[in-house]
Engineer: 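One structure coming up, written as structure tokens, with questions to follow.
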Amino acid sequence: MAEHALVFRHVRAIDPGRALDAVVDVVVERGHITRVGVDAGEALLREPRVRVIDRAGAWLLPGLIDLHTHLREPGEEYKEDLASGLAAAAAGGFTAVCAMPNTKLVNDTRAITEMLVHKARAIGGTRLHPIAAITVGRKGEALTEMGDLKSAGAVAVSDDGSCVSSSAVMRRALEYAGTFDLTVIQHAEDHALTAGADMHEGAVSTRLGLRGWPSVAEDVIVARDVLLAEYTRARYHVAHVSTKGAVRILREAKSRGLPVTAEVTPHHLLLTDAALLGYDTACKVNPPLRSEEHVAAVKAGLADGTIDCIATDHAPHSPLEKDCELSQASPGMVGLELCVPLLLGLVHDGTLSLARFVHALTRGPAGVVGLRHEGLREGAAADLTLVDPDAPFVIDPSRFRSKSQNSPFNGRKVKGRVLATLVDGRFAFQDDSLSAERHHE
Ligand SMILES: [Zn+2]
């Protein structure tokens, strides 16, 4: 039997966009937040069919949004599919994810975008927002039918996995996407500078004798694209920023009011290229893990607002693609279920303020692609994430909802976990401790 109302009792409700950070009750009824305030749920506590969640110390956040997820459907469902990917997203606290188009059948048509939207809706839970390709087949040549893609549900365009190399194509892509108010998301990599690369070019790659991906290969594309965005006045977003140079260029562009935005991944904030010293293929990502100076620069960029959001770049792979030599391994690591616990480490140690952390996973990504974000207020749709910031646990890949387990963080001790994820007032995920509590009522 469904509840009439759900009361979060004495939670710390945090929504930096509304300058909210207070211990209150939050009441959810008929899919919406109906009351927010000190003891606002008290009158309901003894009513029938009211579920009370009373977890002292828990944080209630606006639902988290991931701007950069690879769900592998259609075509590589042995790594992930929409159902497993959306379940992983819900378990990670995400109420919405944006799915990149570099699936085996590239999402460059209305038919595939519509299929994704319909299938995800039937699955329910975490919302799916497709990102469609910029160019047909992600080949970097002919532009896709962006108007069609947008009307089918695409929220942005990207050739992620490949860079739009041609300046002429990028210019036309910005102009064309701009007419439909779609943000162009660039995977910034000058492929001529990175051919055959296995990791960041630097002291560690020299020591290991591996081909390097120089940071300047990201910088030159971001610099060129910022100039093109300035020229076309179109919205431009840089995926997974990883270099000091890119952060500097973006900071300068933003200081002049250009419509440019950027994201950073948890792994580029948390790991350096030294993680490759054991030739661990789980640490092979694209762009690669960088050296200390670059990690410091992306952290500073996230803190000062040069980088608008955190995106997981969740990239599931099976052992087929990872249990092999580093040079043969596919790049990428899973991220949806690890993002919150890993990044809370940066909040706990003071590297990242709580307000920036919440913003970078909610209002930040919503703004980049123009998703509705109502925040934590009375009348808003109840897209909510409940977090226990202090619960210690060990990352255990056998518990992942994702079909894949490729992560260098497996076995790491972390502090803080997602307790529940609500989409439109319905539980898309609840932690074992919450569902157990439920049975005692
Ligand atoms: Zn990419």
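One-based numbering, in listed order, for ligands and for the atoms of each.
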Engineer: Sequence neighbours excluded, which residues qualify as side chain to side chain donor-acceptor pair (under 3.5 Å) partners of K299?
Structural biologist: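 K299: no side chain to side chain donor-acceptor pair (under 3.5 Å) contacts found.
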Engineer: Side chains of residues 327-337: which donor-acceptor partners sit under 3.5 Å, not counting sequence neighbours?
Structural biologist:
unit_1, atom_1, unit_2, atom_2, d
E337, OE1, R401, N, 2.7
E337, OE2, R401, N, 3.2
E337, OE2, S402, N, 3.0

Engineer: Any luck finding a side-chain donor-acceptor pair between T243 and H294 under 3.5 Å?
Structural biologist: no
Engineer: Testing the 3.5 Å rule here: is there a donor-acceptor pair between the side chains of H317 and K322?
Structural biologist: no
Engineer: What pairs meet the salt bridge (charged side-chain N to carboxylate O under 4.0 Å, His left out) rule with one or both residues in residues 96-119, with sequence neighbours excluded?
Structural biologist: E73-K119, E76-K104, R110-E114, R110-D148
Engineer: Compute the ring centroids of H68 and H314, then answer whether they are less than 6.0 Å apart.
Structural biologist: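 When the ring centroids of H68 and H314 are compared, they turn out to be at least 6.0 Å apart.
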Engineer: I'd like to verify the contacts: list protein N, O or S atoms under a distance of 2.8 Å from the Zn ion (ligand 1).
Structural biologist: D160 OD1, H187 ND1, H240 NE2
